[in-house]
2 protein chains.
Amino acid sequence: MGNETGTGTRDLLIETARDLFLLQGYGATGVAEIVRVAGVRPGSLYYFFPTKEDLLIAVLEWYRDNIYEGLLQPVYERIDDPLERVFGILDGYRQMLLLTAYDQGCPIGNLALEVTNSHPRVRELLKENFVQWTDEVARNLTLAAGRLPAEIDIPGLSEYILSVMEGAIMLARTYRTIDPYDNAIAHLRDYVDRMVEDGTNWAKPSRFRHASDGEKTL
Amino acid sequence: MGNETGTGTRDLLIETARDLFLLQGYGATGVAEIVRVAGVRPGSLYYFFPTKEDLLIAVLEWYRDNIYEGLLQPVYERIDDPLERVFGILDGYRQMLLLTAYDQGCPIGNLALEVTNSHPRVRELLKENFVQWTDEVARNLTLAAGRLPAEIDIPGLSEYILSVMEGAIMLARTYRTIDPYDNAIAHLRDYVDRMVEDGTNWAKPSRFRHASDGEKTL
DNA sequence: CCCATGATTGAGCGATCACTCAACAGTATA
DNA sequence: TATACTGTTGAGTGATCGCTCAATCATGGG
């Protein structure tokens, strides 16, 4: 973490690229723009990063290493209840959408669909970020497990929550209104509330009914 | 639709761009590549489309005008039950993920996060495609309304289903495994099943939190 | 002092980017 | 045949792309 040696140019480039990638995407952000905003010359960038993709990797590593300071801590300072902390995290993305007028959503989700077919290391880091997010949600759900059905699949539910959030951000950014996000979180809240209040009646989602599995459904 | 006049070059360019945008994204696909794959010269493209963005607009209009043939009809031929038709549509995306080895997800979702900050007409068409998809799901849910709670917000639930699907595709493409998609659809199936099987006990998701019994929160 | 090392400079590389345009071909109508 | 209109051609535009590199600077140790 603390890069105590050096002049700070490397960190400056990572943070500049991070912000520009978030606003414009990876492909739409040129190296020339990054170095111009950072106030350095192209050679300096390529002294630290062999390619533009290595800079993207460093940005994704930054997100992975700063999830607590940037995402969790502001929520955990306000909220103690583990279940409400999960919805607090979701509310953080809501604030981001509103404050940036839907220009910024989830940094990882933005990049995920854009660079999925690129270098394996990039995909690996996208996955690491998603897994870290999911694990943190799962940790909170485990702390609230007393209120949830015993047979609940906490990792699966956590991943489901991530799916809902990413999809809802996509719709909110496209529509440029918060309604799709609020609608999705409300449904999610209802789903979780049902587990809390009626745990014994909760059916573990397991029956996979894919048409591809053969039988014609009527 | 039936462009009976002309030589077909315009349609050929739209379909070629559609396929390349789906595989590589909008920004990563160059005009030179489109005309090379289509077997025409750059001048022909710019005879029909003033800018590359106008070609993207034509592609989005194509998706809007061909949702039935490309997405719904293959499902509706197999499945009659309106509720199962919804999950049949979702299974179509599952097949796409598997058949393309996670290279192709939802064509609209791919573009949505990439070009959200571009020309208003593009955003408008992305929205039109999402709304059309949601409306079709809502139509099916309405046909199945007899099995659903009377007070259910069908448009809201339809939009929620779209959120879940788009987020699940994002995760499946990043992880390069179908598990996140199956997990999300299973949770969605469970959510809908609960409404069908226990409609009277279903509460409209809005202000339903920690009803009567002891408050543990904070 | 000298030197090694880390860091920076800035001109400039070839390739590709979206895009242009004057010339021309094909076909139908007059 | 003459005119008009729809497409097509392909060389070529300036700008920007990611990236290179020999030269230079700053700094601390021996």
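Protein chains get the first letters and strands the later ones, always in sequence-line order, with residue 1 at the start of each. These numbers come from the heavy atoms of this one structure, side chains and all, not from hydrogens, waters or symmetry mates.
- A:Asp19 is linked by a side-chain hydrogen bond (donor to acceptor under 3.5 Å, both in side chains) to nothing, counting only residues two or more places apart in sequence or in another chain.
- Listed candidates were C:dG10, D:dT9, D:dG10. Nearest to the side chain of A:Arg41 is C:dG10.
- Looking at B:Ile79 and B:Phe87, their side chains never come closer than 4.5 Å, going by heavy atoms from C-beta outward.
- Between A:Trp133 and A:Leu71, some side-chain heavy-atom pair lies under the 4.5 Å cut-off.
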Exercise. Step by step, work out the side-chain contact (heavy atoms from CB on, under 4.5 Å) result for B:Leu45 and B:Leu55.
Key: CA-CA 9 Å; B:Leu45 189 150; B:Leu55 178 56; 4.0 Å; yes
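- Checking the phosphate oxygens (OP1, OP2) of C:dT8, a side-chain nitrogen or oxygen of A:Thr9 falls inside 4.0 Å.
- Note: B:Tyr160 and A:His187 have parallel aromatic rings, judged against thresholds of 30 and 60 degrees for the angle between ring planes.
- Salt bridge annotation for A:Arg121-A:Glu124: present, with a cationic side-chain nitrogen under 4.0 angstrom from a carboxylate oxygen.
- For the salt bridge (Lys or Arg N to Asp or Glu O under 4.0 Å) condition, the pairs that include at least one residue of residues 97-118 of chain B, sequence neighbours left out, are B:Asp103-B:Arg176.
- Annotation: side-chain hydrogen bond (donor to acceptor under 3.5 Å, both in side chains) contacts involving residues 40-51 of chain B, sequence neighbours excluded, comprise B:Thr51-B:Asp54.
- For the segment residues 16-40 of chain B, the set of residues with a heavy atom within less than 4.0 Å of an atom of DNA chain D is empty.
- Side-chain atoms of A:Leu162 and A:Val137, non-hydrogen and from C-beta on, never get closer than 4.5 Å to each other.
- The CG-P distance, from B:Leu45 to D:dG10, rounds to 16 Å in whole Å.
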**Message:** Under the criterion side-chain contact (heavy atoms from CB on, under 4.5 Å), I'd like the reasoning laid out for A:Glu53 against A:Val115: C-alpha separation, chi angles, the key distance, then a yes or no.
**Reply:** CA-CA 10 Å; A:Glu53 194 169 71; A:Val115 299; over 6 Å; no
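- Across residues 46-61 of chain A, A:Tyr47, A:Phe48 each have a non-hydrogen atom less than 4.0 Å from an atom of DNA chain C (numbered order).
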The contact string for nucleotides 22-28 of chain D, one letter per nucleotide 5' to 3', using protein heavy atoms under 4.0 Å with B, S and - for base, sugar-phosphate only and none, comes out as -------
